[in-house]
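Lettering follows sequence order; numbering is per chain, from 1. As the structure is a prediction and not an experimental result, all values here were calculated from the model.
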Amino acid sequence: MPEGHTIHRLAQDYAAAFQGTKPLVTSPQGKFSDAAELLTGSELTRTEAHGKHLFLGFRATDWIHIHLGLFGKVTFGGAPAPPPTDTVRLRLANSTAYVDLRGPTTCALITPAEKQAIHDRLGPDPLRADTDADPQAAYRRISRSRTTIAALLMDQKVVAGVGNVYRAEVLFRHRIDPYRAGKDIAPVEWDAIWTDLVGLMREGVRNNRIDTVRPEHTPEAMGRPPRVDDHGGEVYVYRRANLPCHVCGGEIRTADLAARNLFWCPNCQKP
DNA sequence: GCCCAATGTCGAC
DNA sequence: TCGACCTTGGGCA
């Protein structure tokens, strides 16, 4: 689930269900019990997302910091809330709704200073492009780096919110070889990548899934069978190893890069 | 039942 | 570069 679009969508969904209310806050699993006790019955005043980090603001200055990691999941439902399972780290419940958080890497009560420190170590987020994201800050790092663009796009200090799917897909959409060094990415190329990420990720928030295939390459347009992929969206290369490229018909390749699976089309994305 | 993979990150060596 | 961490679901016996 969790790339930046998921987290921004969650910020919206938590706000829609709980902002302005004073939910019961519990931690059936126990790992967040002390903080839950401090917060329960206080008002959820706002929510925020930066990259893959989610912040739930209670009262004036209390923040719950959530990071889903690879496995974290969030489930919303209507009242009355069913009995929680014993893996629920955090539950909010009010008179109309409940939401359960399971398996997060982080769920902690933090101060405004600690929250600021998290923002400070994150790069610009394409989903905050209309407020405070500066793509040139990302380019300054990229243009000075001998690291591959594939690795740089996953580095949250460089760009916040891009994960393994958007990384693979945006490089394909711009026909960029994932192994090219950051310093060999031209300013116009970075501008195009950033603009594309803004559009793709906004659509991801809207639809709650990642779709990257242009209309002219959809199954209908190309006269090929509908996708059989199971990750939720229509994509060019992600998890399509050894399958034919939607554009050129060549074989999609996969490789390990920094402990993650990289996918690309060597024919469309030439060095 | 067991084993593996998964849209992530950190810290030890 | 590697293991640790958090949880679920699918494939297989």
> Determine, for A/Tyr236 and A/Arg240, whether the Lys NZ or Arg CZ falls below 6.0 Å from the six-membered ring centre while staying within 45 degrees of the axis.
no
> Check step by step if side chain to side chain donor-acceptor pair (under 3.5 Å) holds for A/Arg175 and A/Gln269.
CA-CA 4 Å; A/Arg175 304 296 187 267; A/Gln269 299 167 264; over 6 Å; no
> Any ring-ring contact (aromatic ring centres under 6.0 Å, His included) pairs touching residues 74-114 of chain A, not counting sequence neighbours?
A/Tyr14-A/Phe76
> Nearest whole Å is fine: how far is C/dT7 C1' from A/Asp86 CG?
11 Å
> Does A/Tyr238 put a side-chain nitrogen or oxygen below 4.0 Å from OP1 or OP2 of B/dT7?
yes
> What is the separation between atom CZ on A/Phe263 and atom C1' on B/dA6, rounded to the nearest whole Å?
11 Å
> Between C/dT7 and A/Gln29, is there an OP1 or OP2 to side-chain N/O distance shorter than 4.0 Å?
yes
> What's the gap between B/dT9 and C/dG9 when it is taken at their P atoms, as a whole Å value?
22 Å
> Could you state the atom-to-atom distance from CG of A/Leu257 to P of B/dT7 in whole Å?
13 Å
> By side-chain hydrogen bond (donor to acceptor under 3.5 Å, both in side chains), which residues pair with A/Thr147, not counting sequence neighbours?
A/Ser145
> Between C/dG3 and B/dC4, how far is it from one P atom to the other, in whole Å?
14 Å
> Enumerate the residue pairs fulfilling salt bridge (Lys or Arg N to Asp or Glu O under 4.0 Å) with a member in residues 140-149 of chain A, sequence neighbours excluded, ordered by first and then second residue.
A/Asp134-A/Arg140
> Could you run through nucleotides 8-13 of chain B and give me one letter per nucleotide, 5' to 3': B if any protein heavy atom sits under 4.0 Å from the base, S if only the sugar-phosphate is that close, - if neither?
BSS---
> Just how far, in rounded Å, is C1' of B/dT7 from CG of A/Leu10?
13 Å
> Return the value, rounded to whole Å, for the distance between atom CG of A/Leu262 and atom P of B/dT7.
12 Å
> C/dC6, OP1 or OP2 - any side-chain N/O from A/Arg102 closer than 4.0 Å?
no
> In whole Å, what separates the P atom of C/dC6 from that of B/dG1?
22 Å
> Rounded to the nearest angstrom, tell me the gap between atom CG in A/Asp256 and atom P in C/dT1.
10 Å
> Could you pull out all residues at least two apart from A/Asn164 that satisfy side-chain hydrogen bond (donor to acceptor under 3.5 Å, both in side chains)?
A/Arg167
> I need the NZ-C1' distance between A/Lys73 and B/dA5, as an integer number of Å.
12 Å
> Under the side-chain hydrogen bond (donor to acceptor under 3.5 Å, both in side chains) test, which residues partner A/Asn242, sequence neighbours left out?
none
> Between C/dT8 and B/dC10, how far apart are the two C1' atoms, rounded to whole Å?
22 Å
> With a non-hydrogen cut-off below 4.0 angstrom, is A/Lys31 in contact with a base, only sugar-phosphate, or nothing?
sugar-phosphate
